[in-house]
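Structure first, commentary second.
First the proteins, then the strands, lettered A, B, ... as listed; each starts at 1. Keep in mind that this is a model prediction, so the values were computed, not measured.
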2 protein chains.
Amino acid sequence: MTRTAAGEILTRLRDAGPMSRAELSRITGISSAGVTKITAQMRLEGVIRERSAAEAAPIGRPPVTVEICPESRYVVAIHLGAGQVHVALSDVSLGLSLTESLEYDLSEPADALVSRAAEVARSMIVRSGVPSERILGVGIGVPGSVDATGRVNTHSILTGWQDVHFADAFEAELGLPAVIEHNATALALAECCYGIGSEAESLLYLLLGKGIGAGFAQTGPDGRRNAVEIGHVVVEPGGRPCRCGGRGCLERFFSEEPLRALVGDQDLSRSDLLAAAMQRPEWGKVYEAFLQALGTTVTLLGPEMIVLGGDLGVAPEAFVSELRRDLPGRVMPQQRDGLRIERARFTDPAGAYGAACIALESFFYATGPVAPRWPLRRAGRA
Amino acid sequence: MTRTAAGEILTRLRDAGPMSRAELSRITGISSAGVTKITAQMRLEGVIRERSAAEAAPIGRPPVTVEICPESRYVVAIHLGAGQVHVALSDVSLGLSLTESLEYDLSEPADALVSRAAEVARSMIVRSGVPSERILGVGIGVPGSVDATGRVNTHSILTGWQDVHFADAFEAELGLPAVIEHNATALALAECCYGIGSEAESLLYLLLGKGIGAGFAQTGPDGRRNAVEIGHVVVEPGGRPCRCGGRGCLERFFSEEPLRALVGDQDLSRSDLLAAAMQRPEWGKVYEAFLQALGTTVTLLGPEMIVLGGDLGVAPEAFVSELRRDLPGRVMPQQRDGLRIERARFTDPAGAYGAACIALESFFYATGPVAPRWPLRRAGRA
DNA sequence: TTACTTACCTTACTAAGTAAATTAAGTGGT
DNA sequence: ACCACTTAATTTACTTAGTAAGGTAAGTAA
């Protein structure tokens, strides 16, 4: 979706690392004059800097390498998880400088939650000492579906939210532009751009927690991204009823509650749950259901990589190696060859990384539906 | 993916019908000055015309309605189906003025087929009497996967083609720019833009023929489209081997060959096959497999409408009504509510409509990866 | 020193739009 | 008949984001 030459240049510098203006011109197709002009502007804005040339070519004028200044701009990341909110401040290389979390009750009204999260964000901004004009915007990750404009949370099963205008709400609270995205989708993009999937063209991010969800992301201009309701793929037609209204959904087999029931231990930490479940005789059926749903998802969406996130990111090595062994047999040969299965790189406040990534795409790399905000002089004019 | 204001205006005139410049400005957000300038250029080019105003508002200066001239430009459509090629000439409203078909053997080399198809296209262009500068380009529908650039047929199971550069080949043959797309995907877009799905935001096109395939299309800027390998969704793990390399794929249950085996009649026409199959006692299992794969596909992709194409487009009414009754129970409630199931509007040389649509998107409405070609004066300068 | 190569910058230009003011073409009140 | 009012369309002057062409910078090699 990269639209402007400036966004294209920044994205290349992020993905391929520091390089000379000449090389930028070659790989982007932008004229060298254009690169000069745009990089000059960016240097004025403090967004990129020159670096004392690396290995010069043996001939001709040695190139000057330019690189992104990670701390030149920041975004606020707000991850609304199941009962927990993470707020963080991220630089443009997805480095989180401050993070904070807060608990909430799933029945808490959305607007009350927005106020509390915004208060945390405000105090964090103050504490960080980052001048406000360097903070470009807010990215919000939500545990449910998002409309096409990236402003409304249309539906969240877990909390019961319906058509909540989170972007509007946070913009009003913080005075910064905001975008929202589905949690797993945001994480898919984060892994795709900055994490384990940076070499892959497309990726499916699997998120196991209270439920099981997924997101799909693709790099490049016109790279699409979308939520994937893998938790509600039917793996046992006519099976047990699911909160989604269907029957026999994957989530009724492979998510916290059914796994806990399988293990029969309510005190086990969630990260140990999978290891314990794998010891049970009934595990085979659960694993088969998971494999079937995942195989179908890969067949239909064709990702080059599967990234295991949430509790799957800390799954026992046996689980990962079994999956690497068994999944290829469930997908088409063309997909099978290149298919990689990896653990997620971003953990801990994983959702905050996703939310930050979404904000960066929109407000810094200019690949989202919103105009970039880093040219400060233009923003100052408004 | 609409990028230029000109493309945006044309797309609106297509989707919402003729309207005044003022209204175009309002709904697109383009300044009224811009609309004036752009429409003036388009009128010069002969692409749009004014119409003696419709019902004027009771107050203020009466608006002048503008509309697209369907016969102002043409594209060549080439549909490469299973053993049959359709070549057609289409105006910008997807009206096919000439169509022709030719048979080929599935083992015929791709380049020989290109030559023969191109020869048909050349003679058709001559016969049509359309001046060559009004023919914008070629759209090619292929029975397999296509790379991201819209130029290479990476893989076709039916014919065994691998990495065939159809766009390059037809450009060389015809001297016109070319784009390719997966057949079912092209048809999805055609139904979405001009056919039964014009009110829907997104749609899944199901194509039953020798195999079963599908395509997904979404309207609007950033509207994505992609092939959907529904035929290779596994509906019976460990089942009968499929030519794709997997086992128990839907295509082993629900496509020409297995249906014919079910009915036990080799002479039945393909359009009567489904009706005959529905009478057999084993139909229930086949239908269940279809329902399961389709339900999962809808869950994962979330289309607003399902369009039945190919032999499904002429399926018995009983089939369609059963599907309308049974499918909603297999998808999530949010998807269930708005989900519509309809027969395709484009039949006969259906694939040609798809191919034409793809060409129009790229070369006229400027929503594809290629620059629009309708401004003749610019093209003349090159 | 001179020739050559590659990197980068400057100038002049163009494409594609916008904002603000102006003109056009109707209605209805007096 | 005339004028206020409204909406539509156009014109003018400007802005933004680039490109093309050519010049300058900074090194190596003979």
Side-chain angles (χ1 to χ4, degrees), chain A residues 2-10 18-45 48-66 221 366 371-382, chain B residues 2-10 18-45 48-66 221 366 371-382:
Chain A
T2 302
R3 270 165 184 118
T4 66
E8 179 74 25
I9 286 173
L10 286 175
M19 69 183 90
S20 70
R21 292 174 172 84
E23 194 160 2
L24 275 172
S25 170
R26 277 191 299 266
I27 65 174
T28 60
I30 299 166
S31 67
S32 62
V35 173
T36 292
K37 212 165 154 183
I38 289 163
T39 52
Q41 170 74 7
M42 286 175 174
R43 257 187 59 180
L44 264 178
E45 306 274 8
I48 60 170
R49 61 175 161 238
E50 296 189 341
R51 225 173 52 171
S52 45
E55 341 68 53
I59 196 171
R61 173 174 172 173
V64 177
T65 302
V66 296
R373 304 272 304 187
W374 56 261
L376 295 185
R377 31 199 79 203
R378 194 191 317 161
R381 203 186 50 176
Chain B
T2 303
R3 271 163 182 117
T4 66
E8 180 73 26
I9 285 174
L10 286 175
M19 68 183 90
S20 70
R21 292 173 174 82
E23 193 159 2
L24 274 172
S25 169
R26 277 191 297 266
I27 66 175
T28 60
I30 299 165
S31 67
S32 61
V35 173
T36 291
K37 213 164 156 184
I38 291 164
T39 52
Q41 170 73 8
M42 285 175 174
R43 257 187 59 179
L44 262 178
E45 307 273 9
I48 61 170
R49 62 175 161 242
E50 295 189 342
R51 226 174 51 172
S52 46
E55 341 68 53
I59 194 170
R61 173 176 172 175
V64 178
T65 301
V66 296
R373 305 271 304 186
W374 57 261
L376 294 186
R377 31 199 77 202
R378 194 191 318 160
R381 201 186 54 177

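To the nearest 0.5 Å, atom CD1 of residue B/I38 and atom CG of residue B/L24 are 9.5 Å apart.
D/dA9 atom P lies 12 Å from atom CD1 of B/I9, rounded to whole Å. Atom P of nucleotide C/dT6 and atom CE of A/M19 are separated by 19 Å, given to the nearest angstrom. Between the P atom of D/dT10 and the CD atom of B/Q41 lies a distance of 14 Å, rounded to the nearest Å. One can place NZ of B/K37 at 18 Å from P of D/dA9, the figure rounded to the nearest angstrom. Rounded to whole angstrom, the span from the CD atom of B/E8 across to the C1' atom of C/dG17 amounts to 14 Å. Between the CZ atom of B/R21 and the C1' atom of C/dT18 there is a distance of 18 Å, rounded to whole Å.
Not a single donor-acceptor pair under 3.5 Å links the side chain of A/S25 to the backbone N or O of A/R21. For the pair B/S20 (side chain) and B/V64 (backbone), a donor-acceptor distance under 3.5 Å is absent.
Evaluation of atom-type donor-acceptor distances gives a pair under 3.5 Å for the side chain of A/R61 against the base of C/dA7.
Pairing for D/dA30 goes to C/dT1, judged as Watson-Crick or G-U wobble with the two contacts each under 3.5 Å.
For B/P63, taking side-chain heavy atoms from C-beta onward, the closest of the listed nucleotides C/dG17, D/dA8, C/dC8 is D/dA8. Taking the side chain of B/A22 as heavy atoms from C-beta on, and the options D/dG18, D/dA9, D/dA26, the nearest nucleotide is D/dA9. Closest approach to the B/A5 side chain among C/dG17, C/dC8, D/dT10 is made by C/dG17 (side chain taken as heavy atoms from C-beta onward).
At least one side-chain heavy atom of B/E23 sits under 4.5 Å from a side-chain heavy atom of B/R26.
Heavy-atom distances under 4.0 Å link DNA chain D to B/R26, B/S32, B/A33 of residues 24-34 of chain B, given in residue order.
Residue A/I9 forms a side-chain contact (heavy atoms from CB on, under 4.5 Å) with just one option from A/I48, A/I30, A/V66, and that option is A/I30.
Here the closest non-hydrogen pair linking B/M42 and B/A6 is CE-O, 3.4 Å.
Enclosure of atom CZ in A/R43 is not indicated, since only 12 or fewer non-hydrogen atoms of other residues, nucleotides or ligands lie within 6.0 angstrom.
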